[in-house]
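Notes to accompany the following structure.
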Amino acid sequence: MKPLTREQMAWRAAQDLPEGAFVNLGIGIPTLAASYVPADREVIFHSENGILGLGAKPEPGMEDENLIDAGKNYTTLITGGVFVHHADAFLMIRGGHLDVSLLGAFEVSEAGDLANWTTEDPAFPPGVGGAMDLAVGAKEIRVIMDHTDKKGNPRILRHCSLPLTAAGCVKRIYTNLAVIDVTPHGLFVVEMVDGMTLEKLQAITEPELQLANSWQALAPPAAIAA
Amino acid sequence: MKPLTREQMAWRAAQDLPEGAFVNLGIGIPTLAASYVPADREVIFHSENGILGLGAKPEPGMEDENLIDAGKNYTTLITGGVFVHHADAFLMIRGGHLDVSLLGAFEVSEAGDLANWTTEDPAFPPGVGGAMDLAVGAKEIRVIMDHTDKKGNPRILRHCSLPLTAAGCVKRIYTNLAVIDVTPHGLFVVEMVDGMTLEKLQAITEPELQLANSWQALAPPAAIAA
Amino acid sequence: MIDKQVKTLADAVAGVKDGATVLVAGFGAVGVADDLLEALHEQGARDLVIVANNAGNGDHGLARLLNSGRVRKVICSYPRSGDYSAFLNAYRAKTLELELVPQGTISERMRCHAAGLGGFFSPVSAGTKLADGKETREIDGRLHVFEKPLKGDIALLRADKADRWGNLTYIKSARNFNPVMAMAADLSVVQVNEMVELGSLDPEAVVTPSIFVDRVVVVGANP
Amino acid sequence: MIDKQVKTLADAVAGVKDGATVLVAGFGAVGVADDLLEALHEQGARDLVIVANNAGNGDHGLARLLNSGRVRKVICSYPRSGDYSAFLNAYRAKTLELELVPQGTISERMRCHAAGLGGFFSPVSAGTKLADGKETREIDGRLHVFEKPLKGDIALLRADKADRWGNLTYIKSARNFNPVMAMAADLSVVQVNEMVELGSLDPEAVVTPSIFVDRVVVVGANP
């Protein structure tokens, strides 16, 4: 059984972004998803600092000092993209104008509660950024995260142990082992990596998992960086 | 004793608009004030439909069908003027960004209450337009109106008889007979037309008037249309 | 490939249901999507709630909907504008409900919905008849009225140029309510003078970004 | 003749009082008025409350004010950005108060003040630690938090071009917080790359209208 790499997780999430969707990609793995949108689809990426139509990383030497993304990395604007001011960028987020918000997370509960803004490390000041705005506003909130923490403890929990970002918001979780839908009837596994079983997955997941009737293999194409 | 004409009232109000002021002119007599700003002063007029930098009426034949003022008359944009959308135009109004809002009125009370939106004529639907927004937002609210109604009854009252537009907002009243300041210590006559006395003015004004120590003649130059 | 352009005015207003709330942009006769309003008349939806600054002029566009008895309620600031006989007749016949809202409050309530907020306190109308029955609160010594978000099922908009994504620019004061109504409806439909190539609108000068627009129809240059 | 241009950075920040609330535009290092921040350091005001998205980088601009002990409180969404050692040291020494606000709520609270409103209900942060102690209300079945307007005594802004009235345009993502902060301060001060003739900015494409701007200083082209 081979867990997905970060790139493969991003690839998987990207496959679910439909033609014409407006999407915000959170900092970290979600950002990588931009590269894996199928070539025949137009998906428009939103950046909280005021960009609608975020493009790829600029070629070396082509960086524009006035053009950065939410992660403060140099970026580009695609044809048709526009600039807006900050309050309008968050009106788009909070007002349900984005089709998908793809976020990183520390923990997700079986009710779809999301914890992704603080680990409560007393040595450092907390920072929330746009996490809470992104977690309430989009038409659909999806999470990308490793299935367990570094010690192998579950991150999909009955109740989040860390402070919440927002309650009951997550609809789909992409992990390095599975794709799981959060529904009013519980958590449904819709895809698992080759060699994974519901039993093994359940062992590293706190709340009860059910296998969707239509479940299938989670199998990125060989070309996606391993 | 010669009451001021509409043009002369507008002229008088215009003299108080300082260099660099942002001003909204209400429909009716206030609109006329734009023509009487002293030539050496730059005053920037705001129109509620989304214009900052309203200009003069266009020359005949030069009307632009996409450029009207709040009174729905053709207008022009002065050099430096810009267009904004409606919510931003009213953010300017309500948020205290305008220096002066110059309004018409039916009645003003001694406390500065303003009634200028409805006469409660049952035969017609009420209309409020931007009256209530304009009456609360500007740094200073000033009124232009005839001193009495057509029957000679006072329009400056102890309490407004018509429904209020906003309470306690008016700071200065320009009538066809006088200029009156509304202060926490009562109404002060700061200017009167030639031949007017405090006694005569009081007879057509409901609340008590006081004569400002520094009062002077209200005397438009002969050139202003009589 | 994203392409929001539809071929006909009928396509542009397809699917409007009876009882729908329709945001009608424009101020006076400027920036009004008259052709979309005529198309909505053809489409036939009834029992409509109209949100607009004014309440129709003559017997075309919004006034025609009023004259045809398609409108249940008008939310506006100033019905008495131009030839408003269509409104006046229905108002006097008591076949039409009027919700009179201060002009800035109309657009702010729509922006409130657009921004995903639950309502706001405004000093406008506090202490007046138009605040009757509304929740009030004193904030920093000043009376405020609680105003609720206002959303449309459909917005009928008029712009100058659009690209295939639906980015929009306007002409002068025809901008007025269009940008805020575009943000506040589930379905935003716009009639434009001209379609332009994607990328030909200045990214710094697009007024309504594509995310707020669903359907675009070209009606030809202004008369 | 209106002319908002001042000659020096010192003129631009003249009069800032101890205890002032300073709106500091920018996102990361982009669109930040670094020269105005340095001038404010020279000017000497203390006990400042800073509103910004981040909390300074290295030892220049905002970070320098922090290192010099001029700041009493920071209202921001994400202090941990870049080299934020200036903030971290003061935070650990407990000489600095932090009010952590969700990013969109910062700009919305400033817009709320700018729009003359008394506060709004937002679903953001409802049910979380950041809503502790805040008034809540269920609206349409969803929990909301009451948020108050946020105003600045002064805003330190950075734009690309200005005219003598103070109309402004920006470059790309350097727009960020600048337009909303320009609207939300009693005194809005902007450093620009270039002054242009009145009338040379497109009236359809000015992002910050002159009414929101008080002083303009030219600092030269971007490095």
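Reminder, nothing fancy here: chain letters follow the sequence lines and each chain counts from 1.
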- Task: Only counting residues at least two apart or in another chain, list the ones meeting side chain to side chain contact (heavy atoms under 4.5 Å, CB included) with D/A39.
- Result: D/L9, D/V13

- Query: Please, which pairs that meet salt bridge (charged side-chain N to carboxylate O under 4.0 Å, His left out) have at least one residue in residues 115-125 of chain D, sequence neighbours excluded?
  - Reply: none

- If you tally heavy-atom pairs under 4.5 Å against chain D, which of C/P203, C/G116, C/G119, C/P123 wins? C/G119

- Task: Mind jotting down which residue pairs meet the salt bridge (charged side-chain N to carboxylate O under 4.0 Å, His left out) criterion with at least one end in residues 113-127 of chain C? Sequence neighbours excluded, please.
- Result: none

Scan the chain D/chain C interface and emit each donor-acceptor pair under 3.5 angstrom with its distance.
residue, atom, partner, partner atom, Å
D/E108, OE1, C/R111, NH2, 3.0
D/E108, OE2, C/R111, NH1, 2.8
D/R111, NH1, C/E108, OE2, 2.8
D/R111, NH2, C/E108, OE1, 3.0
D/G118, N, C/F121, O, 2.8
D/G119, O, C/F121, N, 3.0
D/F121, N, C/G119, O, 3.0
D/F121, O, C/G118, N, 2.8
D/E135, OE1, C/R137, NH1, 2.8
D/E135, OE1, C/R137, NH2, 3.4
D/E135, OE2, C/R137, NH2, 2.6
D/R137, NH1, C/E135, OE1, 2.8
D/R137, NH2, C/E135, OE1, 3.4
D/R137, NH2, C/E135, OE2, 2.6
D/K172, N, C/E204, OE2, 2.8
D/R175, NH2, C/E204, O, 3.0
D/R175, NH2, C/E204, OE1, 3.3
D/E204, O, C/R175, NH2, 3.0
D/E204, OE1, C/R175, NH2, 3.3
D/E204, OE2, C/K172, N, 2.8

- Kindly state whether the ring of D/F120 and the ring of C/F146 have centres lying under 6.0 angstrom apart. no

- Which one of C/G104, C/G118, C/C112 has the most heavy-atom pairs closer than 4.5 Å to chain D? C/G118

